[in-house]
Amino acid sequence: MTSRHIPSPSRRTVVRAAAATAAAVPVLSATAAASASPSTDSARAAAPAPAFLHGVASGDPLPDGVLLWTRVTPEPGAEPGSGRGADTPVRWEVAEDREFTAPAGSGTTLASAASDHTVKADVRGLRPATSYYFRFTAGGEGAEVRSPVGRTRTAPATGASVAGLRFGVVSCANWEAGWFSAYRHLAARGDLDAVLHLGDYLYEYATGGYPTQGAALREHRPAHEILNLADYRLRHGTYKTDTDLQALHAAHPVIAIWDDHEFANDAWSGGAQNHTPGTEGVWAERVAAAKQAYFEWMPVRASTEGTVHRRLRFGRLADLHLLDLRSFRSEQASIGNGSVDDPERTITGRAQLDWLKAGLAGSDAVWKLVGTSVMISPVAFGALPAHLLGPLTGLLGLPKEGLAFSVDQWDGYTDDRKELIGHLRDRGIRDTVFLTGDVHMAWASEVPVKAATYPLSPSAATEFVVTSVTSDNLDDILRVAPQTVSTVASAAVRTANRHVKWVDMDSHGYSVLDVTAERSQMDYYVLSDKTAQDATSAWVRSYRTRRGTQKVERVDRPVR
């Protein structure tokens, strides 16, 4: 069993892993070399002990391994982004039981200021489809400190026949807008293979800078908009002090992609709506800082290009294709000039689109799951009152003039969507399910080949969109009771878009995707109150797509 180096987006090493535990022994014991000396004993007792203040996490499960993560606070005041604190050797352990009486592997890595004292261990040599427990230990002889214990799970063997898979699915968690109760409810479930986070894990705004309809429930750190590496590190570290988020990471492996707010609102390859070069620096430098902090703080393997697009396999039941729709995209279209159809514009980038098409065509899995941060289903609007059209255009990234496309979604990059949907149709690729976040609303839709003539024209895939964990949606923006005025808007959306089977514009919560050889079913759960730290959750709707149909149908009960 080995602990491999994890590259950062800039190709520099994020974590320096020791070749063997023995190689780190001199470092571990350097301050205790004269342990027989009473003065040395006193100095050791007075030395600050390291601490694990940000929990533990795992991610990107493979049939033979998983990525483990933690962050060491080497001394009081060594907060994220501060650069304070000495290099600290950290030992990781994996076992088949919580008491660690059946060890499955161990190793040592180094937490240093260069990686913000975060560590990753890419553990291999594990058994497929197996639950494991893991922990970390830091500190010198006689002053060792152990992290909380985490649980993780490996993926099924590549060619295995798998009866079922179950994933939690979440997106859009704004620290200032509410408590992360959705994470707590997912953490309490013992039946999940992993949790899929579809982006906007954090938000970049200054305190009060994002609509929270009143005072922030809890304030961001740093209080200003995050711009440099220290800022992004501190913001990541702040989010990971949330006990519900820590519980989620300790309970399940997390498979994450980023969206725009991990960088700045409406980000594209050369800039963002929420970035002003004259006062906020060079965009490329901001992106590099954001990506470095992301890969330091998230249990995510970088692709060879240093982004998050990658592919995970779960036996012969499902391939999961994960997309990066921010690093390569063209700038969002100008309004009303027809540029949304320009074939020179892209949301994926040429290389990533070819990678996705090849992966879909070459997959022998029953289900082709695609994790995408923004909606691929087209959305048009019929007649809507002005007081509803305005907030909806803001949520969807639509032009304020009310034109019937969203320039930040795939609607703003129709040539890429046309090519991908045509590829599914022409190659006879069936049972593709897009899993999406971003818009703070829940949707269940069919993805039409030609929306204008649907349902007379066929559907090429299906799409399930999850609502936000806390980020504002329609009732929050309008300051009205949920499921009141939004019923008018949702009815108008479904009338103008016959491929849309359901939309919930008000709820906050999470979803659970249950996959079998016969169907993929999304169960939607909503929170009682995002501003209540003890919020309850309740099932509200379920939709499924049966194998071979490319259609969405309602189900009268959740899987569990």
Take V526 and R541 through the test side-chain contact (heavy atoms from CB on, under 4.5 Å) and record every step on the way to the result.
-> CA-CA 9 Å; V526 301; R541 287 268 184 135; over 6 Å; no

Counting N and O atoms only, with roles assigned by atom type, does the side chain of H236 sit under 3.5 Å from a partner on the main chain of M298, one being a donor and the other an acceptor?
-> no

Shortest non-hydrogen contact from H508 to S468?
-> ND1-OG, 2.9 Å

With distance as the sole test, does S459 use its side chain to make a donor-acceptor pair with the main-chain N or O of Q550 at under 3.5 Å?
-> yes

NZ/NE/NH1/NH2 to OD/OE distance under 4.0 Å, D408 and R329 | yes

Are Y205 and H261 near enough that their ring centres are under 6.0 Å apart?
-> yes

When rounded to the nearest 0.5 angstrom, what is the spacing between CG in L323 and OG1 in T372?
-> 5.0 Å

Check whether any side-chain N or O of Q409 sits under 3.5 Å from a backbone N or O of M375 as a donor-acceptor pair, and report yes or no.
-> yes

Trace of the side-chain contact (heavy atoms from CB on, under 4.5 Å) decision for H185 with Y510 | CA-CA 9 Å; H185 290 289; Y510 59 94; 3.6 Å; yes

At their closest point, which heavy atom of V195 faces which heavy atom of L192, and how far apart are they?
-> CG2-CD1, 4.1 Å

Looking only at atom types and distance, does a side-chain atom of R153 sit under 3.5 Å from a main-chain N or O of A129, one as donor and one as acceptor?
-> yes

Whether H275 side chain and A267 backbone form a donor-acceptor pair below 3.5 Å = no

Out of V300, L198, I257, which one pairs with L322 under the side chain to side chain contact (heavy atoms under 4.5 Å, CB included) rule?
-> I257

Give a yes or no on whether a salt bridge exists between D431 and K368, defined as a side-chain N under 4.0 angstrom from a carboxylate O.
-> no

Quick one: closest heavy-atom pair of S377 and S445, and the distance?
-> OG-CB, 3.7 Å

Salt-bridge contact R301-D122 (side-chain N to carboxylate O under 4.0 Å) | yes

Student check: side-chain heavy atoms of Y201 and L245 closer than 4.5 Å | yes

What is the ring orientation for W258 with Y294, classed by angle as parallel under 30°, tilted 30 to 60°, or perpendicular over 60°?
-> perpendicular

If you draw the axis of the six-membered ring of W355, does the NZ or CZ of R311 fall within 45° of it and under 6.0 Å from the ring centre?
-> yes

Is the shortest heavy-atom distance from the side chain of I376 to the side chain of L420 under 4.5 Å?
-> yes

Hey, what do you get for CG (L435) to OG (S373), rounding to the nearest 0.5 Å?
-> 12.0 Å

Pairing of R546 and E518 as salt bridge, 4.0 angstrom limit | no

Does some side-chain heavy atom of L62 sit less than 4.5 Å from a side-chain heavy atom of L312?
-> yes

Among Q292, R286, E262, E296, which residue meets the side chain to side chain contact (heavy atoms under 4.5 Å, CB included) test with Y232?
-> R286

Roughly how far, to the nearest 0.5 Å, is OG1 of T158 from CG of D319?
-> 9.5 Å

Just by distance, do the side chain of H423 and the backbone of K357 share a donor-acceptor pair under 3.5 Å?
-> yes

Give, for atom CG of L320 and atom CZ of F314, the distance between the pair rounded to the nearest 0.5 Å.
-> 6.0 Å

Do other residues, nucleotides or ligands put more than 12 heavy atoms under 6.0 Å from the CZ atom of R350?
-> yes

W367 side chain to T516 main-chain N or O, any donor-acceptor pair under 3.5 Å?
-> yes

Under 6.0 Å between the ring centres of Y239 and W297?
-> no

Is there side-chain contact between R184 and S537, with at least one heavy-atom pair below 4.5 Å?
-> no

Rounded to the nearest 0.5 Å, what separation is found between the OG1 atom of T436 and the CH2 atom of W410?
-> 9.5 Å

With a 4.5 Å limit on heavy-atom distance, are the side chains of Y203 and S471 in contact?
-> yes

Salt bridge present between R417 and D411 (N-O < 4.0 angstrom) = yes

When you look at E463 and W443, which way does the side-chain contact (heavy atoms from CB on, under 4.5 Å) test go after all the steps?
-> CA-CA 8 Å; E463 182 173 31; W443 300 64; over 6 Å; no

Are N274 and E204 close enough that a side-chain donor and a side-chain acceptor fall under 3.5 Å?
-> yes

Does NZ belonging to K418 count more than 12 external heavy atoms closer than 6.0 Å?
-> no

Heavy-atom distance under 4.5 Å between the side chains of V515 and L317, does that happen here?
-> yes

Flag the pair F434 / T432 as yes when at least one side-chain heavy-atom distance between them is below 4.5 Å, and no otherwise.
-> yes

Looking at side-chain heavy atoms only, is the closest gap between K291 and V308 below 4.5 Å?
-> no

Identify, with sequence neighbours excluded, every residue that meets side-chain contact (heavy atoms from CB on, under 4.5 Å) alongside S542.
-> Q521, D523, W539, V555, P558

Spacing of CG belonging to D64 relative to OG1 belonging to T154, to within rounding of 0.5 Å = 8.5 Å

Just checking, any donor-acceptor pair under 3.5 angstrom between side chains of H440 and D476?
-> no

Which heavy-atom pair separates F295 from G306 by the least distance, and what is that distance?
-> CE1-O, 3.5 Å

I would like to know whether Y543 and T462 meet side chain to side chain donor-acceptor pair (under 3.5 Å); could you show each step before the answer?
-> CA-CA 11 Å; Y543 286 87; T462 54; over 6 Å; no

Has the side chain of T130 got a donor or acceptor atom that lies under 3.5 Å from a matching backbone atom of P128?
-> yes

Donor on one side chain, acceptor on other, T536 and S528, under 3.5 Å | yes

Is a side-chain N or O of K501 found less than 3.5 angstrom from the main chain of R498, in a donor-acceptor match?
-> yes

S330: side-chain contact (heavy atoms from CB on, under 4.5 Å) partners, not counting sequence neighbours = R345, T346, Y413

Residues T307 and E305: side-chain donor-acceptor under 3.5 angstrom = no

Is there a donor-acceptor pair closer than 3.5 Å between any side-chain N or O of T545 and the backbone N or O of S520?
-> no

Give a yes-or-no answer on whether the side chains of N174 and T470 include a donor-acceptor pair shorter than 3.5 Å.
-> no

Candidate pair S269 and F328, rule side-chain contact (heavy atoms from CB on, under 4.5 Å), full reasoning = CA-CA 5 Å; S269 60; F328 311 110; 5.7 Å; no

Check: S161/R316 side-chain N/O donor and acceptor closer than 3.5 Å | no

Does a salt bridge link R166 with D193, judged by any charged N lying under 4.0 Å from a carboxylate O?
-> no

Of all heavy-atom pairs between V466 and M522, which one has the smallest distance, and what is that distance?
-> CG1-CE, 4.2 Å

Nearest non-hydrogen partners of F167 and L369, listed with the distance | CE1-CD1, 4.4 Å

